Number of protein chains: 2
Amino acid sequence: MANQLNLSIDRSSPVPLYHQVVQGIESAIHTGLLPPGSRLDNEIDLAAQLNLSRPTMRKAMDELVRSGLLVRKRGVGTQVVSSQVRRPLELSSLFDDLSNNGSKPTTDVLSFSHIEADEATREALQLPAGAKVYHFTRLRKVGGKPLALMENWVRDDITSIDEAQLSAQGLYGILRNGGVNFRLASQRIGAMVANDYQAPLLEAEPGSALVTMERTAVDDTGRNVETGHHVYRADSYSFEMTLVQR
Amino acid sequence: MANQLNLSIDRSSPVPLYHQVVQGIESAIHTGLLPPGSRLDNEIDLAAQLNLSRPTMRKAMDELVRSGLLVRKRGVGTQVVSSQVRRPLELSSLFDDLSNNGSKPTTDVLSFSHIEADEATREALQLPAGAKVYHFTRLRKVGGKPLALMENWVRDDITSIDEAQLSAQGLYGILRNGGVNFRLASQRIGAMVANDYQAPLLEAEPGSALVTMERTAVDDTGRNVETGHHVYRADSYSFEMTLVQR
DNA sequence: AAAGGCAGTATGTCCTATCAATCGAACATA
DNA sequence: TATGTTCGATTGATAGGACATACTGCCTTT
């Protein structure tokens, strides 16, 4: 059952070969060339078809398995997951998500200060006593409708931040431009009801449901760069993710 | 800077070598032998110290990077993430999580039926018209306090389920015993306020905040085995996870 | 006809080997 | 002094081979 997924591999491209394969198979799945439930050729044949080594092919398939598009079973084979899977939850910012989605998010900076970190912030960002941080609250709107209320604390020894930047682009964009390479974030998602401060800002009724998210992000040098408490209107936002068995 | 993380690798063990390394480094981090922020020896030296090949060592470190315990930087090295990271969100059930946590969860089966799947369920489980499913609602308590209200639909062509089983153990345990190997799940987390049906069952005030979760789980043959809508008391439950940059 | 064993097939693990890309610091130069 | 520049160190990518293990279906045996 040779399913010709005529991918073209460009060896002069700076994109790693395994990643080209990932993209090729992803698009084959999305275009329907590889329908849900269909079986792929075995790793060795696929590698031979594309003139790749088996480890390279396996690395590509590993990624696809981890991202939830494929399932593998020893002795049997590899097949496309039957249902439409969603993108796994990746390390990205709300601003990026909305922008990639074609929306045009806007940001109101509600407060901005450069202050000495309190104990909780020092704990979250692993800062010594007396260290200063940027502290600000923002209201994110999309299509004129408020979506999220965000409060953040950012260490100040990486790049400087001002109010104008925060209005124009997302926090993660600013920090990336400042040379920060994010590697991971730990976050906690919960729920609460809108209080009298949040409700009018989000143009919601007091007592309506909000999704809460607390996040601390770490860069490639191991520093805790940023921590924040965000709330989202529950009727406009939820977290989608794909979990993969290890 | 040779940090002797005197791991012992047992080549006769059925546990893969790379996984032994993962466990060894994990425990070294948790016991403080590898303090946060410390740098590991380079991959080649580590591999030599443990008499492993570099790819095997790399595979182990890949897992640790993906799980958020290590950060790597080309040309520089690998170091332990400074903060205490939480376990990444894995494919597990609430029952397992609570049991592993030392709690003793109990389950009240509120309703149980074996019915023809409605359209939404057929869509979620990719079932043909006329297929039957198990449908049930459960109330999960821990320490006598209600925590979660769960409604599930399970395809009936894998293993049979009855009310007694559901009272005694978690759904995932039943299905695993029935030969199901879960591979992935896609889920969506949001928020709502407790309605008049949910509130008394959860012993919460109507209008209090609930965390909502919808999940569909897929097994190693690509079948959508189970889908469910769960709500949790927001004051007792939240989702913690670690996101890793790809 | 049912049960058990066997072989084929596919993924899982592990190895040696080599080159590329990138970072940081030491060094040389204007 | 300030600014490039080179180079060692380290991770990233790719190749190809060997053997292990698990699943499926077929065939044999009872």
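Labels below follow one simple rule: chain letters A, B, ... track the order of the sequence lines, proteins then strands, and each chain is numbered from 1. Everything numeric in this text was worked out from a predicted model, so none of it was measured.
Taking atom CG of residue A:Leu17 and atom C1' of nucleotide C:dA20, one finds them 12 Å apart after rounding to whole Å. Atom CZ in B:Arg58 sits roughly 16 Å away from atom C1' in C:dC14 (whole-Å rounding). Following rounding to the nearest Å, A:Met61 (CE) and C:dA10 (P) show an atom-to-atom distance of 12 Å. Nucleotide C:dT9 holds its P atom 18 Å from the CG atom of A:Leu40, rounded to whole Å. Nucleotide C:dC23 holds its C1' atom 14 Å from the CD atom of B:Gln79, rounded to whole Å. One interatomic measurement links the two molecules: CD1 of A:Ile44 to P of C:dG8, which rounds to 16 Å at whole-angstrom precision.
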- Task: Output, in order, the C-alpha distance, side-chain angles, deciding distance and verdict of side-chain hydrogen bond (donor to acceptor under 3.5 Å, both in side chains) for B:Ser238 and A:Arg188.
- Result: CA-CA 6 Å; B:Ser238 61; A:Arg188 175 198 294 263; 3.0 Å; yes

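Using a 4.0 Å heavy-atom distance criterion, B:Thr56 is classed as a sugar-phosphate-only contact. Within the 4.0 angstrom heavy-atom criterion, only backbone atoms of the sugar-phosphate kind lie near A:Pro16; the bases stay farther away.
Where B:Asp62 and A:Arg74 meet DNA chain D, the nucleotide closest to each residue was compared, and B:Asp62 sits on the side nearer the 5' end. With the nearest nucleotide of DNA chain D identified for both A:Met57 and A:Gly75, A:Met57 has the one nearer the 5' end. Place A:Thr221 and B:His19 on DNA chain C by their nearest nucleotides, and B:His19 ends up nearer the 5' end.
At the phosphate of C:dC14, neither OP1 nor OP2 sits under 4.0 Å from any side-chain N or O atom of B:Lys59. Phosphate proximity of C:dT16 to B:Arg54: absent, as no side-chain N or O sits under 4.0 Å from OP1 or OP2. When the side-chain nitrogen and oxygen atoms of B:Tyr18 are compared with OP1 and OP2 of C:dT13, one or more of them lie within a distance under 4.0 Å.
Closest to the A:Glu43 side chain, of the nucleotides C:dG12, C:dA10, C:dG24, is C:dG12.
Taking the charged nitrogens against the carboxylate oxygens, B:Glu116 and B:Arg122 have no contact shorter than 4.0 Å, which rules out a salt bridge. Under 4.0 Å is where a charged nitrogen must lie from a carboxylate oxygen, and between A:Asp62 and A:Arg72 at least one such pair does. By the 4.0 Å N-to-carboxylate-O rule, A:Lys132 lies too far from A:Asp156 to be salt-bridged with it.
Defined by atom type and a distance below 3.5 Å, a donor-acceptor pair is missing between the side-chain atoms of B:Asn152 and B:His229.
For DNA chain D, the contact window with chain B, defined by any atom under 4.0 Å from a protein heavy atom, covers D:dA9 to D:dA13 in 5' to 3' order.
The closest side-chain heavy-atom distance from B:Trp153 to B:Glu226 is not below 4.5 Å.
Each of B:Leu34, B:Val81, B:Leu40 was compared with B:Leu70 under the side chain to side chain contact (heavy atoms under 4.5 Å, CB included) criterion, and only B:Leu40 meets it.
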